[in-house]
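Only one structure is covered here, and it is reproduced in the block below.
Within every chain, numbering begins at 1; the chains are lettered A, B, ... in the order of the sequence lines, protein sequences first and strands thereafter.
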There are 2 protein chains.
Amino acid sequence: MTDEQTGQTGAGVGPGGPAKPKKADLTRRTIVETALRLFREHGYEGTTMRAIASEAGVSIGNAYYYFESKEHLIQAYYGRSNAEHLVACVDALETERDLKQRLLAVLYTKIETAQPYHRFAGQLFKTAADPASPLSPFSSESMPTRREATELMALVVEGSDARVSPELADELPNLLWLYLMGIILFWIHDDSAGCARTFKLIDRTADIVVNLINLSSLTLMRPLVRRAVQLTGELRALAGPGAEPVPGGQERSSE
Amino acid sequence: MTDEQTGQTGAGVGPGGPAKPKKADLTRRTIVETALRLFREHGYEGTTMRAIASEAGVSIGNAYYYFESKEHLIQAYYGRSNAEHLVACVDALETERDLKQRLLAVLYTKIETAQPYHRFAGQLFKTAADPASPLSPFSSESMPTRREATELMALVVEGSDARVSPELADELPNLLWLYLMGIILFWIHDDSAGCARTFKLIDRTADIVVNLINLSSLTLMRPLVRRAVQLTGELRALAGPGAEPVPGGQERSSE
DNA sequence: TTCTGTTTTTGAACACGTTCAACAAGTGCA
DNA sequence: TGCACTTGTTGAACGTGTTCAAAAACAGAA
């Protein structure tokens with residue numbers, strides 16, 4: 001499974017197809033593990049491709065045989081990040097029914113699981129910030145990873161006792177995903193001890209978000225809700241034609 | 001004046017002090033002008049420092065004498081961008097009284113004046129996205145530039161006939177600046193012809209924003225307003241201790 | 001005018017991301 | 001088993017951002 005996932009988030013064009021796990025997969029995995037470890041220890045800029053190749057026991061050219069660029073090594077982080085996060089928050093999602101508690105659980109665990117990577121989080125953002133990059137959260141290449149995250153948000157809402165405006169229901173996972181992106185962005189910039197400021201921000205903003213969701217069915221808010229839905233549509237246009245709303249509660253795609 | 005401004009946004013540690021304009025200032029300016037021109041023509045990545053130095057008629061080392069890095073050349077763009085924007089929107093701000101129209105004027109002119117630089121806008125964002133970079137919009141080095149922008153937003157509100165909740169009044173320029181940042185972020189990713197999608201988004205979101213501002217004095221919204229104000233406080237903490245709210249309507253600092 | 005100190009200029013060299021021709025190892029078929 | 005093709009490996013070389021010791025130019029005082 002982990003092999004399968006890494007393969008999926010690896011360089012799309014490169015080797016490591018669906019064939020049997022073999023020497024190539026081992027090499028690829030070794031390179032990724034080494035890279036992520038060195039990134040954590042020395043930071044992204046402080047880690048050279050030569051160091052990665054050397055410590056992984058391969059040549060510099062071999063590293064590039066598997067990964068298109070140094071930046072693509074970061075892509076391995078995304079898939080792993082989602083997997084770790086899911087493991088960490090699944091219990092809470094099975095026991096909590098209150099929307100705010102569910103949301104808090106997801107947000108807290110996201111930051112907690114990401115914490116070991118805070119050292120190179122700035123580089124994550126810088127890399128993701130390039131609109132032309134396949135690593136951009138809005139890129140079509142990131143679609144699978146993004147879908148996982150929005151489906152998790154759909155679970156947050158679906159398993160809760162909250163009353164959501166029907167107009168909003170389909171778009172809410174995407175809006176919550178954007179909210180999560182905002183939190184992560186704040187976390188990246190947060191240099192307080194243990195990223196305490198981020199957790200405080202989560203508490204504050206989760207309140208606002210849940211209040212807004214609860215208000216969404218009021219007649220007074222109807223026009224605003226409609227516009228928020230349109231806004232997500234505009235933002236989705238950035239990601240190209242495959243970026244459809246997640247039907248709430250639908251069975252996960254096998255991808 | 002232009003020299004003064006460029007000097008201010010140049011490398012803080014470098015040469016080009018407050019002394020009389022001389023050969024050094026000419027060299028610096030030539031490098032900047034050349035760089036911005038080549039960035040527009042060839043894109044940021046497609047422009048090498050050697051090309052900039054060569055076309056500016058200086059050596060590669062000389063370019064680095066004046067600018068700490070290639071990225072610092074981008075900083076010249078920020079100050080210019082604000083100046084051009086101000087010129088473009090000042091008429092509307094003197095004639096319009098409706099908050100929405102004022103806001104639309106500011107947003108539209110921002111995108112219009114930025115349009116010639118759309119070619120390397122992605123790089124702007126990528127550069128600004130590095131939390132450790134002095135070019136980050138949240139950095140203390142960007143404080144002067146950011147202040148200009150928030151003061152412009154204060155003018156938008158101050159000269160309008162809108163009724164703003166007193167709690168919100170001081171923070172509103174910062175919140176509107178964040179809104180502007182979001183629009184620019186969308187613009188950077190927008191590859192539609194003439195960035196039509198961005199203008200459409202402006203129309204849609206300005207509506208929402210103005211509605212929210214108008215709703216802000218309702219009792220029902222009071223708790224949300226208070227939280228929004230706290231949120232801006234949290235975000236301001238990222239920029240360090242100098243980032244204070246702009247007292248609404250106050251005279252511009254001479255900086 | 002000369003001297004001293006400061007500022008500006010220079011370009012070879014360095015570091016690092018990346019490329020690619022050549023080679024080695026693996027695979028499948030006759 | 002041999003051959004042709006595919007996959008995996010290698011490291012010198014390239015391009016580009018950047019550095020820094022040396023030289024040139026400038027400025028002010030005696």
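- Listed by chain and residue number, nothing satisfies the side chain to side chain contact (heavy atoms under 4.5 Å, CB included) test with S54(B) (two or more places apart in sequence, or in another chain).
- Between the C1' atom of dT16(D) and the CG atom of L73(B) lies a distance of 14 Å, rounded to the nearest Å.
- Not counting sequence neighbours, the partners of S81(A) by the side chain to side chain contact (heavy atoms under 4.5 Å, CB included) test are Y77(A), K110(A).
- Contacts of Y108(B) classified as ring pair (Phe, Tyr, Trp, His ring centres under 6.0 Å), with partners at least two apart in sequence or in another chain: F199(B).
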B/S/- along nucleotides 11-20 of chain C (protein heavy atoms under 4.0 Å) is BBB--BBBBB
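- Residue pairs meeting the salt bridge (Lys or Arg N to Asp or Glu O under 4.0 Å) criterion with at least one partner in residues 38-66 of chain B, sequence neighbours excluded, are R37(B)-E41(B), R37(B)-E55(B).
- Between dT8(C) and Y65(B), a contact under 4.0 Å exists linking OP1 or OP2 to a side-chain N or O.
- Among residues two or more places apart in sequence or in another chain, the ring pair (Phe, Tyr, Trp, His ring centres under 6.0 Å) test is passed with Y44(B) by F39(B).
- By the side chain to side chain contact (heavy atoms under 4.5 Å, CB included) test, S192(A) is found to be paired with D190(A), A196(A), R197(A), residues two or more places apart in sequence or in another chain being considered.
- Residues that satisfy the ring pair (Phe, Tyr, Trp, His ring centres under 6.0 Å) test with H118(B), not counting sequence neighbours, are W187(B).
- For the pair K23(B) and dT7(C), the criterion of a side-chain N or O lying under 4.0 Å from OP1 or OP2 is not met.
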Protein-nucleic acid N or O pairs under 3.5 Å, nucleotides 22-24 of chain C:
none

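- As rounded to whole Å, 12 Å separates atom C1' of dT8(C) from atom CG of D25(B).
- Contact annotation: T27(B) side-chain N/O to dT8(C) OP1/OP2 distance is not under 4.0 Å.
- When each of L73(B), V32(B), I31(B) is tested with Y66(B) by the rule side chain to side chain contact (heavy atoms under 4.5 Å, CB included), just one qualifies, namely I31(B).
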